[in-house]
2 protein chains.
Amino acid sequence: MAGQKQTTITDVAKHAGVSLATVSRVMNGNATVDPTLAERVRTSATELGYSANPLARSLVLGKTQTISVVVPDLSNPTFQGMLRGLSRAAVADGYHVLVADSDEHEDQERLLALESRRRSDGLVLCAPRMSDAALAEVLAEVAPVVLVNRAGDAPSVAADYRTPLREVIDHLYGLGHRRIAYLAGAKRSASNAQRLAALDDARATLDGCEIYEIPAGVDFAAGADSLDAVLDSGATGVLAFNDLSAMGLLSAATERGLTVPGDLSIAGFDDIPFARYTSPGLTTAAVPTAELGALAWHALRALLQGESPEAMHTVVPQVILRGTTAAPTR
Amino acid sequence: MAGQKQTTITDVAKHAGVSLATVSRVMNGNATVDPTLAERVRTSATELGYSANPLARSLVLGKTQTISVVVPDLSNPTFQGMLRGLSRAAVADGYHVLVADSDEHEDQERLLALESRRRSDGLVLCAPRMSDAALAEVLAEVAPVVLVNRAGDAPSVAADYRTPLREVIDHLYGLGHRRIAYLAGAKRSASNAQRLAALDDARATLDGCEIYEIPAGVDFAAGADSLDAVLDSGATGVLAFNDLSAMGLLSAATERGLTVPGDLSIAGFDDIPFARYTSPGLTTAAVPTAELGALAWHALRALLQGESPEAMHTVVPQVILRGTTAAPTR
DNA sequence: CTGAAAGCGCTAACAA
DNA sequence: TTGTTAGCGCTTTCAG
């Protein structure tokens, strides 16, 4: 059944009684070809169901119309959204996308990047976990390349975690909160550094506002387990590292008989799909991951066209005010 | 900076003072080459940082070491899991994966499949939305191909939605429930047909068990809105189309002052990440999506090796008993 | 306007 | 064992 090999340009040429060159020309809408001939070629082509072998074209043209993207973990919603935005944007421009999941293995990252890159015209490196030194080295080998959520010697697009967190703090402060707790999550992540910066920022500019840092974690249990620490701190408002820990805290607080937001205001981060369904709905900030992906493609496309995209394009997550934040009652 | 063109096999040959063929041989560990020469070639290769151009190899070998996968929607968790499983399994076997998102456009599906396929050695068509006729046509053009969650004239892997639903029904029945409601979701989906079959099955075999079908929907609101209908039906246990609608119902019931599972047992479907965190935790069934992806790759790999994989490999979602189901109290 | 021919970088006969 | 050569399928000078 799979015996019939694809028809080649030679078949079409033969069928139309012209040379390969002519077929190539009409297929590429290239030079001026006699309309009659062109028509004849086109007829033959459709009759034979011909379409050029992309591999052969790639080889001679030196371009594959494909880009590759390597992500640390395809099960992470952030990267999923990124991939979706990237894929759709690239497809819209006639590009294909090769995807590689490094499964959080630093060493795999380099290899995947190199290998994928050779099969494509450019690379999107998404939040690479490798060291700065390793990154610099890889970056030099794989250009054109664009970085997502990481700085380096290449154009990059990144989400700004600092601004939205600061906005949430201002929101709480405006409501009257003066004692705010931050449930810290992944210590070493780049986004955490940005959040800490927002905290310092707020401490420096907000009169009479105290902000505590409470080590917690990134999941539901971490949030739930930190309830006592939160209450001990006397905080009336809390910024959770992400929605999951926020929900854990919310759940624990509710079970303890506290009312949210009456006794405690809670804000999450990420806007996971379920965030709108907690009771009350969770105040949070949504990272526009798909947009991040689309922007990454646009930067890479610019590079491919010999243009110079912005060195770093940043997108600001949107704060979504729902029911878990309100004026403090104590 | 990106000016230096890749070193070719010719460079290596020149550097090592041998012919192209020899370099090719040692690079492929092929024929017996004099160890001394081989070593010399290897040295030159690493010194020059040479690695064969995959495009050129693909062209001459007629194989790309790449497979492609087209999915209807990269934002759907089912397909995300599938892609992850597929990607990791394929990478483990040294294959690359080209991904295309049809964005639920039936017409795009065909084109994406064809185009991706030509850049790769095989295709995984994931839950294609196109008609049976269109599918049959495409299938013939893109072999080797494997289908995911859809039947057709090609090997396929699919999740079995019937068995787990039946298991949940048996679970409820065993608990003493005799009036069970099914909150119907997407009417036309293949998985819905399987669920209805499970319902019929149960009706035919379970003594004195009545199963009602209540039109609802696929989201949280649909579940919440169906509370009255559920109560009117007198059902003591309900099977929701998915976790979201189950959570909606759970939420509405709780707000109405009912206790779950005391007054009402509720089961969802999908095991979304938040399902374990509702109170009580949601009884549901988890589709092993990553496994589905890995199996799809295994089937395709078999095809690529000229073997014949099972016509249809089915995986059974696992029922996860949590707190929302218990013996009825009325 | 069209065809012949030279490659793109590599592999695989086929000779030597 | 090694080198020479003919392609893989296509695009693109370069003549005509």
Side-chain angles (χ1 to χ4, degrees), chain A residues 3-45 48-66 96 114-115 117-121, chain B residues 3-45 48-66 96 114-115 117-121:
Chain A
Q4 59 215 316
K5 52 191 62 167
Q6 277 285 344
T7 75
T8 78
I9 197 174
T10 308
D11 300 324
V12 179
K14 218 167 283 176
H15 183 105
V18 298
S19 75
L20 304 189
T22 300
V23 177
S24 175
R25 289 189 185 106
V26 346
M27 296 311 288
N28 294 300
N30 238 358
T32 65
V33 177
D34 182 283
T36 321
L37 259 198
E39 193 45 38
R40 183 139 52 95
V41 169
R42 252 177 245 113
T43 312
S44 299
L48 270 50
Y50 171 77
S51 85
N53 180 328
L55 257 54
R57 296 199 77 215
S58 295
L59 183 59
V60 59
L61 295 180
K63 45 185 66 173
T64 59
Q65 289 291 105
T66 299
H96 297 253
L114 260 46
E115 284 204 337
R117 174 61 184 82
R118 290 216 65 184
R119 300 167 180 273
S120 58
D121 301 336
Chain B
Q4 59 216 316
K5 51 191 62 166
Q6 277 285 344
T7 74
T8 77
I9 196 173
T10 309
D11 299 325
V12 179
K14 217 166 285 175
H15 184 104
V18 298
S19 75
L20 304 189
T22 299
V23 177
S24 175
R25 288 187 187 109
V26 347
M27 296 310 289
N28 295 299
N30 238 358
T32 65
V33 177
D34 182 284
T36 321
L37 260 197
E39 194 44 39
R40 182 139 51 96
V41 169
R42 252 178 244 113
T43 312
S44 299
L48 271 49
Y50 170 77
S51 85
N53 180 328
L55 257 54
R57 296 198 79 218
S58 296
L59 183 59
V60 59
L61 293 182
K63 45 186 65 174
T64 59
Q65 289 290 105
T66 300
H96 297 254
L114 260 47
E115 283 203 336
R117 174 60 183 85
R118 289 217 64 184
R119 299 168 180 273
S120 58
D121 301 336

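In this text the structure is predicted, and so the values were computed from the model without any measurement.
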A:R57 side chain N/O closer than 4.0 Å to the phosphate oxygens (OP1, OP2) of D:dG9?
no

Checking A:S24 side chain against A:L20 main chain: does a donor-acceptor pair fall under 3.5 Å?
no

Please state how far atom CZ in B:R118 lies from atom P in D:dG9, giving the value in whole angstrom units.
10 Å

To the nearest Å, give me how far apart CD (B:Q65) and P (C:dT11) are.
12 Å

On DNA chain D, does the nearest nucleotide to B:A38 precede the nearest nucleotide to B:A56 from the 5' side, or the other way round? Give the residue.
B:A38

Once you round it to whole Å, what is the distance between P of C:dT11 and CG of B:N53?
10 Å

To the nearest 0.5 angstrom, please state how far the CZ atom of A:R57 sits from the CD1 atom of A:I9.
9.5 Å

Report the distance from atom CD of B:Q6 to atom P of C:dG9, rounded to the nearest whole Å.
10 Å

Below 4.0 angstrom from OP1 or OP2 of D:dT2, is there any side-chain N or O of B:T22?
no

Heavy atoms under 4.0 Å, any strand shown: does B:L55 hit a base, just sugar-phosphate, or nothing?
nothing

Given D:dC10, D:dT2, C:dG3, which nucleotide is nearest the side-chain atoms of A:V60?
D:dC10

May I ask you to say what A:L59 touches in the nucleic acid, namely base, sugar-phosphate or nothing, with a heavy-atom cut-off under 4.0 Å?
base

Side chains of A:R118 and B:S51: does their closest heavy-atom pair fall under 4.5 Å?
yes

In whole angstrom, what separates A:K14's NZ from D:dG9's P?
12 Å

CE of B:M27 versus C1' of C:dT11: gap in Å, rounded?
13 Å

Considering every strand and a 4.0 Å limit on heavy-atom distances, what is the contact class for A:S24: base, sugar-phosphate, or nothing?
base

Does the side chain of B:N28 get closer than 4.0 angstrom to OP1 or OP2 of C:dT11 through an N or O atom?
yes

Can you find a pair of side-chain heavy atoms, one from B:R25 and one from B:T22, that are under 4.5 Å apart?
yes

Can you tell me how far P of C:dC8 sits from CG of B:D11, to the nearest Å?
11 Å

Could you tell me whether A:A52 contacts a base, only the sugar-phosphate backbone, or nothing, with contacts defined as non-hydrogen atoms closer than 4.0 Å?
sugar-phosphate

Side-chain atoms of A:L61 come closest, of D:dT12, D:dC10, C:dA13, to D:dT12

Would you say A:S19 places a side-chain N or O within less than 4.0 Å of OP1 or OP2 belonging to C:dT2?
no

Rounded interatomic separation in angstrom, taking CG from A:L20 and P from C:dC8:
18 Å

Can you tell me how far OG1 of B:T64 sits from CG of B:L59, rounded to the nearest 0.5 angstrom?
11.5 Å

